[in-house]
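Presented below is the structure to which this report refers.
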Amino acid sequence: MAHIVVLGAGLGGVPMALEARRELGRDHKITVVSDKDTFHFTPSNPWVAVNWRKADQIKVKLAPMFAKKGIEFVHAAATEVRPEANQIALENGETLTYDYLVIATGPELAFDEIEGLGPHGGFTQSVCHVDHADDASGVWDNFVENPAPIVVGAVQGASCFGPAYEFAMILETDLRKRKIRDQVPMTFVTSEPYIGHLGLDGVGDTKGLLESELRNRHIKWITSARVTKVEDGVMHVEEVNEDGTVKKTHELPFGYSMMLPAFRGIPAVRGVEGLVNPRGFVLIDEHQRNPAHANIFSVGVCVAIPPMDTYAVPVGVPKTGFMIESMVMAAARNIRDELDGKEARHVATWNAVCLADFGDGGVAFVAMPQIPPRNVNWSAEGGWVHLGKIAFEKYFLGKIRSGQAEPFYERALFEMMGVHKLKPDT
């Protein structure tokens, strides 16, 4: 019997454990390690931040769900991964030994890299974690009693831009519903070289669609932006030319701000020789496996993906939900094959299917694969996106609560649409 340890219990870790259980049956032991005892549906965080959801509505208790599937759950933070010994040191003093390790921790949020950034000790809010969004909801309640300018966006080095666009539009929608939109100037600040780049050089006409949305909602924007410092009520921004010179400096007043930070790997893996890159992201080959440590796999936001290009202001590459699920399926099947004495052969497509909710509409896109050049490069907008996001939230949370990796009807639907998680013949 092999022991497979999944480190992390978010959008990568929970599906990974469930998919591994389905692929491996009950012949092998699976353990999930997480510093949190609940799963939360991260895409709903913007709704929590404006009180359209309560935090508890998007949470699932992990231990009871995993117990139903015969998966052990350890509620403890990892302090050190030791590949040479096949061990993980835990904050509670225990040490776990594994045969296979899947790192699915997500990132550490690098608020500290910019003075004044972030919700703890800084002056901006966050929707990266449900606890941040829950805290932001109280700040929002106070803000709408005293309207002032808003600044929303993503700083240099960020790799997750969709939630910034979503949150800007959701705030704008909420302000209109409250009949106070006319009292709130809004500015979107992003490190992207152009609106709708998304870290992906755009998908379909996301440039045109998102510029149009911002324009129609009277939200100004600054691209190729480098945030130098945030003070209480003022954000200092440099607008940068292609050659790296400063085109213009901005001092943006705000009464409310949410800026997505850059990501880095968690402390337990940072600096481990051969395992991670200088930012602490896990190095993987085409089979989701670490090249230096063959029994370590990785899925989700914590994997290392090179940026699309070199820009004057650093722009990372996002890892979207469907892309993560394709990584999960490939990793689970490759571990199964290795346990059966076969070579790992499954390769994730890294296709992206995204619904970006704007509160009363939204933009959807399909990128196959996510990183260009693509076989499918499509985007569209409409009120149906908002409804689709609500339906998907309910569906995904129901799936996690029942401990399902991928019901047969979900797989059949995507197959019918021609959206696959694994490359052909793998």
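Both backbone and side-chain heavy atoms feed into the values below; hydrogens, waters and symmetry mates do not.
A salt bridge is defined here as a Lys NZ or Arg NE, NH1 or NH2 lying under 4.0 Å from an Asp or Glu carboxylate O, and Arg411 with Glu415 fails to meet this definition. Salt bridge present: Lys207 and Glu211 bring a charged side-chain N and a carboxylate O closer than 4.0 Å. Under 4.0 Å is where a charged nitrogen must lie from a carboxylate oxygen, and between Glu406 and Lys421 at least one such pair does. Salt-bridge formation is not detected for the pair Lys36/Asp131: no Lys NZ or Arg NE/NH1/NH2 atom is positioned less than 4.0 Å from an Asp or Glu carboxylate oxygen. Classification of Arg333 and Asp337 as a salt-bridged pair fails, no side-chain N sitting under 4.0 Å from a carboxylate O. The pair Asp360-Arg176 meets the salt-bridge criterion, with a side-chain N (NZ, NE, NH1 or NH2) lying under 4.0 Å from an Asp/Glu carboxylate O. A salt bridge does not link Glu239 with Arg226: none of the charged nitrogens is closer than 4.0 Å to a carboxylate oxygen. Salt bridge absent: Glu72 and Arg21 never bring a charged side-chain N and a carboxylate O closer than 4.0 Å.
Counting only distance, with no hydrogens or angles, the side chain of Thr31 and the backbone of Val5 share no donor-acceptor pair below 3.5 Å. Side-chain N or O atoms of Glu192 include one that pairs as donor or acceptor with a backbone N or O of Leu198 at under 3.5 Å. Between the side chain of Ser326 and the main chain of Ala348, no donor-acceptor pair closer than 3.5 Å is present. Within the 3.5 Å criterion, the main-chain N or O of Val227 finds a donor-acceptor partner in the side chain of Gln156. Between the side chain of His3 and the backbone N or O of Thr97, at least one donor-acceptor pair lies under 3.5 Å. Distance alone, capped at 3.5 Å, places no donor-acceptor pair between the Asp35 side chain and the Ala77 backbone. Put simply, the side chain of Asn377 gets close to the backbone of Gly204: a donor and an acceptor are under 3.5 Å apart. Asn290 contributes a side-chain N or O that, together with a main-chain N or O of Gly274, makes up a donor-acceptor pair within less than 3.5 Å. Judged purely by atom type and a 3.5 angstrom limit, Asn334 uses its side chain to pair as donor or acceptor with the backbone of Arg345. Listed for the Ser379 side chain is a donor-acceptor partner under 3.5 Å among the backbone atoms of Val203.
Ring centroid separation for the pair Phe188 and Tyr165 comes in under the 6.0 Å cut-off.
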| task | Please step through side-chain contact (heavy atoms from CB on, under 4.5 Å) for the pair Val155 and Leu117, ending with a clear verdict. | result | CA-CA 9 Å; Val155 306; Leu117 187 69; 4.2 Å; yes

| Verdict with supporting geometry, Leu200 and Val317, side-chain contact (heavy atoms from CB on, under 4.5 Å) | CA-CA 6 Å; Leu200 299 169; Val317 177; 4.2 Å; yes

| task | I would like to know whether Phe365 and Trp378 meet ring pair (Phe, Tyr, Trp, His ring centres under 6.0 Å); could you show each step before the answer? | result | CA-CA 6 Å; Phe365 66 78; Trp378 173 89; 9.0 Å; no

| request: Walk me through it: do Glu115 and Lys229 pass the test salt bridge (charged side-chain N to carboxylate O under 4.0 Å, His left out)? | output: CA-CA 5 Å; Glu115 181 183 346; Lys229 181 173 64 173; 5.2 Å; no

| request: Dump the intermediate steps for side-chain contact (heavy atoms from CB on, under 4.5 Å) on Arg215 and Trp221, then the final yes or no. | output: CA-CA 9 Å; Arg215 194 176 293 112; Trp221 66 78; 3.6 Å; yes

| task | Give the C-alpha distance, both sets of side-chain angles, the deciding distance and a yes or no for side-chain contact (heavy atoms from CB on, under 4.5 Å) between Thr320 and Gln370. | result | CA-CA 9 Å; Thr320 60; Gln370 176 167 294; 3.0 Å; yes

| field | Trace of the salt bridge (charged side-chain N to carboxylate O under 4.0 Å, His left out) decision for Arg82 with Glu80 | value | CA-CA 6 Å; Arg82 302 166 181 162; Glu80 185 183 4; 3.2 Å; yes

| field | Asn295 and Asp99: CA distance, side-chain angles, deciding distance, side chain to side chain donor-acceptor pair (under 3.5 Å) verdict | value | CA-CA 7 Å; Asn295 63 338; Asp99 295 298; over 6 Å; no

| message | Let's go through Asp112 and Arg264 carefully: what are the C-alpha distance in whole Å and the side-chain angles of both, what is the deciding distance for salt bridge (charged side-chain N to carboxylate O under 4.0 Å, His left out) to 0.1 Å, and is it a yes or a no? | response | CA-CA 11 Å; Asp112 60 294; Arg264 62 188 173 219; 2.6 Å; yes

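Considering CG of Leu209 and OG of Ser212, their distance stands at 7.5 Å, rounded to 0.5 Å. Atom-to-atom distance recorded for Phe281:CZ and Lys319:NZ is 5.0 Å, nearest 0.5 angstrom. The line from CD of Glu19 to CD1 of Ile335 is 11.0 Å long, rounded to the nearest 0.5 Å. Distance CG/Leu7 to OH/Tyr98: 10.0 Å, rounded to 0.5 Å. Atom CD of Glu325 and atom CG of Asn351 lie 12.0 Å apart (nearest 0.5 Å). Interatomic distance, Ser257 OG to Ile150 CD1, rounded to the nearest 0.5 Å: 9.0 Å.
Contact check for Val50 versus Ser137: no side-chain heavy atoms found under the 4.5 Å cut-off. Between Glu381 and Glu213, some side-chain heavy-atom pair lies under the 4.5 Å cut-off. Side-chain atoms of Asp309 and Asp201, non-hydrogen and from C-beta on, never get closer than 4.5 Å to each other. Ile296 has its side chain within reach of Leu275: a pair of non-hydrogen atoms, C-beta onward, lies under 4.5 Å apart. You'll find the side chain of Val269 stays beyond 4.5 Å of the side chain of Thr105, heavy atoms only. Looking at Asp135 and His120, their side chains come closer than 4.5 Å, going by heavy atoms from C-beta outward. A 4.5 Å side-chain heavy-atom check between Thr42 and Ile58 finds every atom pair outside the cut-off. Between Trp350 and Ile305, some side-chain heavy-atom pair lies under the 4.5 Å cut-off.
Residues passing the ring pair (Phe, Tyr, Trp, His ring centres under 6.0 Å) test with His197, sequence neighbours excluded: Tyr194, Tyr311. Applying the side-chain contact (heavy atoms from CB on, under 4.5 Å) rule to Ser402 yields the partners Gln404; only residues at least two apart in sequence or on another chain are considered. Partners of Phe322 according to the ring pair (Phe, Tyr, Trp, His ring centres under 6.0 Å) rule, which considers only residues two or more places apart in sequence or in another chain, are Phe414.
Ring pair His75/Phe73 is parallel by interplanar angle, where below 30° counts as parallel and above 60° as perpendicular. The aromatic rings of Tyr256 and Phe167 sit tilted relative to each other, their planes meeting at an angle between 30° and 60°. Taking the six-membered ring where tryptophan is involved, the planes of Phe111 and His132 are perpendicular, since the angle between them exceeds 60° and thus also 30°.
Considering Lys59, Glu393, Arg53 in turn, Glu393 is the only one that fulfils the side chain to side chain donor-acceptor pair (under 3.5 Å) rule with Ser44.
Cation-pi geometry between Lys389 and Trp52 is not met at under 6.0 angstrom from the ring centre and within 45 degrees of the axis.
Residue-environment remark: NZ (Lys342) stays at or below the threshold of 12 foreign heavy atoms within 6.0 Å. Heavy-atom neighbours of Glu91 CD from other residues, nucleotides or ligands within 6.0 Å: at or below the threshold of 12.
Side-chain N/O atoms of Arg289 and Ser298 include no donor and acceptor closer than 3.5 Å.
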